[in-house]
S.K.: 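Structure incoming, see below.
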Amino acid sequence: SAVISQKPSRDICQRGTSLTIQCQVDSQVTMMFWYRQQPGQSLTLIATANQGSEATYESGFVIDKFPISRPNLTFSTLTVSNMSPEDSSIYLCSVQQGNQPQHFGDGTRLSIL
Amino acid sequence: AQRVTQPEKLLSVFKGAPVELKCNYSYSGSPELFWYVQYSRQRLQLLLRHISRESIKGFTADLNKGETSFHLKKPFAQEEDSAMYYCALLAGNEKLTFGTGTRLTIIP
């Protein structure tokens, strides 16, 4: 399966700032996704990152707050904008190739002061 | 909309005893179901998928469409099975929906 590198692995940020999380895959993949896992909760899909076009956001998530880029088939970024303490979560990148199951990165643990 | 329910947040089992982690789903189409596992300090990883009908690390899961369940079972628990387990459903739109997870603790 594809090797997924996600960085940073963790960060502590100030309220009102923005952070960009990167997800790099060692091979071309069809689909890339971004999830959020709030403390004590399950994984929630934020959006599907589409190569060369705007991401497809799930209900409750908007582009202004979570802009996503996917310039090619091996790389995507998620930005968490204008952060508040409620954004403290683990953010996960996942990839899917063909009809294979999704595989996940290590995640980014984000804390907002 | 699809939904996955894992009724047990926490489950403790003695080493050597049988394990069953419950998962129920609701989905109007034909589902594809998965179990993912997250060991301490490791990434979330796929344990098994129902279409493979295989046993991984001694775990099996059978899709029961009548009961809309996909329970994970292992006849004899081992200490290394302690982890967080998530049941997930793949809908036709290629989106994975996760249950809330069950933290399994194996008591030595």
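Naming: A, B, ... by sequence-line order, numbering from 1 per chain. Note: hydrogens, waters and symmetry copies are ignored here, and every other heavy atom, side chains too, is used.
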S.K.: With a 4.5 Å cut-off on heavy-atom pairs, point out which of A:Leu92, A:Thr44, A:Asp106 contacts chain B the most.
M.R.: A:Asp106
S.K.: CE/B:Met84 to OG/A:Ser42 distance, rounded to the nearest 0.5 angstrom?
M.R.: 7.5 Å
S.K.: At a 4.5 Å cut-off on heavy atoms, which part of A:Ile4 comes close to chain B: side chain, backbone, both, or neither?
M.R.: both
S.K.: Does any backbone or side-chain atom of B:Leu44 lie under 4.5 Å from a heavy atom of chain A? Answer side chain, backbone, both or neither.
M.R.: both
S.K.: So which part of A:Gln6 gets closer than 4.5 Å to some heavy atom of chain B, the side chain, the backbone, both or neither?
M.R.: neither
S.K.: Is A:Leu43 close to chain B through its backbone or its side chain, or both, or neither, when contacts mean heavy atoms under 4.5 Å?
M.R.: both
S.K.: Quick check on A:Gln102 against chain B: is it the side chain, the backbone, both or neither that has a heavy atom closer than 4.5 Å?
M.R.: both
S.K.: Does a sphere of radius 6.0 Å around CD in B:Gln42 hold more than 12 heavy atoms from other residues, nucleotides or ligands, not counting ones at 6.0 Å or beyond?
M.R.: yes
S.K.: Got more than 12 heavy atoms from elsewhere within 6.0 Å of CZ, B:Phe14?
M.R.: no
S.K.: List the atom of A:Pro101, the atom of B:Leu46, and the distance in Å for their closest heavy-atom pair.
M.R.: CG-CD2, 3.4 Å
S.K.: Do other residues, nucleotides or ligands put more than 12 heavy atoms under 6.0 Å from the CZ atom of A:Arg109?
M.R.: no
S.K.: Is the shortest heavy-atom distance from the side chain of B:Leu96 to the side chain of A:Phe33 under 4.5 Å?
M.R.: no
